Amino acid sequence: MPPPTDAEPALRLADVRHRFRSGPRDVAALAGVSATAMRGTVTGLIGPDGAGKTTLMRLVAGLLRLQSGRVEVLGIDVGRDPLAVQARLGYMPQRFGLYEDLTVQENLDLYADLQDVPPAERRARYAQLLPLTGLGPFTKRLAGRLSGGMKQKLGLACTLLHPPEFLLLDEPTVGVDPVSRRELWRIIEHLTRESRTTVLFSTAYLDEAERCDQVILIHEGRLLGAGTPAAFTAEIAGRSFLASAGLGRRELQARLSAAPGILDAVIQGDRVRIVTASTGTAASADWSRAAPGLSLTPTPPRFEDSFVAKLRGIARANEPPLPPASPTATPVATAPPPPVTTGSTPGGTPEEPVIVVEHLTRRFGPFVAVRDVSFAVGRGEIFGLLGANGAGKSTTFRMLCGLLPASAGRLRVAGFDLRTAAATARARIGYMAQRFSLYADLSVRQNLRFFSSAYRLSGARQIARIDWAVGEFDLAAVLDATARDLALGYKQRLALACALMHEPQILFLDEPTSGVDPLARREFWRRINALAESGVTVLVTTHFMEEAEYCDRLIIMASGRVLADGTPASIKASARRDDRPDPTLEDAFIAMIDAAGTEVAA
Amino acid sequence: MSAATTRRIALIRKEFLQIARDPSALAIAFLLPAMLLLIFGYGVSLDARNVPVAIVVDHPDALTASFTGRFAQSAYFRPRAYLTIQSAERAMAANRVTAIVWLRSDFTRGAETTGAAPIGVLVNGVDANDARLVEGYVQQLWAGWLEDRARADGRAASLPITVEPRVRFNPAVSSKDYLVPGLIAMIMTLTGALLTALVIAREWERGTMEGLMVTRVRIGEILTAKLVPYFVLGIGGMSASVALAVFVFGVPLRGSLWVLTATSALFMLAALGMGLLISGVARNQFVAGQIAIIATFLPAFMLSGFVFDIDSMPRAVRLVTHLVAARYFVAILQSVFLAGDVWSVILPNAAALAVMAAIFLGLARMTARKRLD
């Protein structure tokens, strides 16, 4: 093959549009995307769930019929000759495309055969890939029994058997622990450096943008921007600050996000990160009025800052200006903030903790899913369980909800022992499941009515609670829409409303914001913060490091064990080193797993 | 070995490994057939035996006693005496008896004068099949009694026609002997259409189909790799069923084994073709299962002549049965098992099977695309 010139793009998208039918609706998955990716680079295809990432990936791989526009891969028109493209690219679908009832070696052999790798070359190829992916010791294991991180690496190894010129990875890092995520990036960097492979990498995690050479940012099927990550952040240079004042961080965040001229305010450690509408701090007088004693430290902008700024720009252009925030956003504007148990020592508060877990263990046959886990959560606290898929978070959660008995240990929820009074305890719990367990074929109103009856509300009280939910969550406009047709952000609001129908004292949230766009995530956490301020205890599971920042305290779990517990700041501080003065939670997580010396769930 | 052959062999090997490791595939191929055979071989019988019959005799005498005695001797009836027709009718309404035989006062008179003793027969018609059988049995018993009486008197019976039935091919009129061969068609429909549609839908569900499609594999290779293993599995299930039928249930196999095998192979190809066609539409196992049951298994069960006689169906339904591949196979099976190699039955039906197999497989190949939409 002629040596490709690096100047020629490996991928060229010209006004790609794609529609598909979903029941009676006609959905525009892609509404005119144009972009290019140069050879030997890593391009991030970034956007929240439902943005059209997978559709675009499949169009590039020739797996969908091109409806409109043009897709060119390595100089070949994909619409005309998908087979020629498929012979030269590697593609890892979501969930990795592995045969779970075949062993690691059988999967490798199958894909080697399917990709025409000559038998003579295989030994050498395996010898390269097995150490690179760390799968060497597990070749006889069934793929279905690998941890999420190892499945991901096996999926990657299968696509790399015949070294592809162009590698497509569809959300390879979903649900994978940070250590595996880091290893995946190391492999990708190795590939682009050694064999000049072009990589297209889709993800909903905005922090991964900064590792890419260039980024294609899409939202609701539309291209929001394309370019280097630095170009994205350069647009908002000088507009990111870390704010602190003599207020609780949640209170400060609530006040600043309502202040004019501030596009974004999120909690980061002990401070609040803000993005301003323009450079300079002309409006800072207003902000100081909102938060006396405010001090701002400039900080380098992140990719997420730029995404939020872009989204706010779209929102402003499309809608009439909203009132700065609903009254619930600033619950106690004049009264002194209530004492929030930021809970360094739960025993220090006079109240008894709402949730007490002591030496909790759960076995499934010989497999120990949760091993000797202990923690306590005080009233009004937001407590996080952080860990990868398979770390034991969901099992712990199910035991706390009384859905699964514990093998050993003690559990008290709202003062009740779950072994004897699971039903009583459950009446005080609200639960919002991953992927929001709504009835997709019912309307919003019917969902609210159903869930309130399920919580045994009736008569005037039921009507009052439904009215409250409609007002509080701005659902009036969509009351008669079918839940299936709601945008992800609305689904999330409705699910939260349903979980709060019976005014629970404790709220369980299972991966609440994974994949939703950053604005919807901020909106969601604003409500959760307000609930916590009003005394509701919130328990969150997440594998999403960003989300963990919202917690007052958290535990980090891996292989069913607790690796660390404390506030986000104290956990981060424990990973501080000379060469890493300001570690992120992810850095801390990786450091802990390295220190524990165990491969996660190996 | 060409790359295409390597790919085909790799996929076939993968399929066999999956079958060996997945208990549900083996269950559909072997356990389900065994259960169906046991249920139909032992449990379901379309013969009537020990039918409870109410006998009402208005004026008992020696002649009526001789007639009712026949019921007591018969293996088909369990007679019970009732004093009045009203009490007998109540018993039938309560489903304690299936039929009423009523001998009125004219019974003995008729027997003594004309030689034709009239009887009244009331049959519970809720189960039409049973009703017809019971009616026939009673009639046969009555005619037999009259004839014996006439012979004893040294004169010809005064019946207009004497029917002397002789049943060919299944002299014991055992329903098992024609149900069990027909069952083999049901079993092969399950493996061919249902199992194939399910395993392909599973590849869609687990995302492995997406992984396959983006390799150098061609769609034809994917299809052959599904055909070969499930063909082998279906023929295996067929062999096991034939062995069970012959050795456990004692169903005779009067035709030749090679005819049975060759026509089974044709039917299996048709069933696999249907399975592949379904899998082109159904992308999850639930839908695939539903379509396969409704579009292949139920028609095979009801419209193939396996249980219900095609000739007695309304004309429109009879026309529809020509679209059901199992119809041709059931005809072949019943003839090969019970009658022998009757070429006038086997050849046209086998030709029909070959045409259907070619159409289904051709359609499956033509509609399959190496794409997700």
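None of the values given here were measured: they were computed from a predicted structure.
One finds no salt bridge joining A:E100 and B:R21 here, because no Lys/Arg side-chain nitrogen approaches an Asp/Glu carboxylate oxygen to under 4.0 Å. Contact check on B:E210 versus A:R58 returns a salt bridge, with a Lys/Arg side-chain nitrogen under 4.0 Å from an Asp/Glu carboxylate oxygen.
Enclosure of atom CZ in A:F364 by more than 12 non-hydrogen atoms of other residues, nucleotides or ligands within 6.0 angstrom is indicated. In the displayed structure, A:Y439 atom OH is contacted under 6.0 Å by at most 12 heavy atoms of other residues, nucleotides or ligands.
Interface remark: A:T103 contributes backbone and side-chain atoms alike to the contact with chain B (heavy atom separation under 4.5 Å). For B:E221, no part lies under 4.5 angstrom from a heavy atom of chain A. Of the two parts of A:L168, neither the backbone nor the side chain holds a non-hydrogen atom closer than 4.5 Å to a non-hydrogen atom of chain B. With a threshold of 4.5 angstrom between heavy atoms, A:F96 does not approach chain B through any atom at all. No part of B:I9 comes within reach of chain A, as not one of its non-hydrogen atoms sits under 4.5 angstrom from that chain. Heavy atoms closer than 4.5 Å to chain B are found in the backbone of A:L98, but not in its side chain. Within the 4.5 angstrom heavy-atom criterion, only side-chain atoms of B:R218, from C-beta onward, approach chain A.
Considering only heavy atoms from C-beta on, A:Q86 stays 4.5 Å or farther from B:R216 through its side chain. Considering only heavy atoms from C-beta on, A:D113 stays 4.5 Å or farther from B:R13 through its side chain. Between A:Y99 and B:L212 there is a side-chain heavy-atom pair separated by less than 4.5 Å. Two residues are said to be in side-chain contact when any heavy atoms from C-beta on lie closer than 4.5 Å; B:T215 and A:Q115 meet this criterion.
Between B:G207 and A:P93 the shortest heavy-atom distance is O-CG, 3.9 Å. B:V214 and A:A61 get closest at one heavy-atom pair: CG2-CB, 3.7 Å.
Between chain B and the options A:D109, A:V85, A:D101, A:L110, the largest number of non-hydrogen pairs under 4.5 Å is found for A:D101.
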### Task
Could you walk me through whether B:R7 and A:L114 pass side chain to side chain contact (heavy atoms under 4.5 Å, CB included), step by step?
CA-CA 5 Å; B:R7 294 194 295 255; A:L114 296 184; 4.2 Å; yes

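How far CG of A:L64 is from CZ of B:R369: 14.5 Å, rounded to the nearest 0.5 Å.
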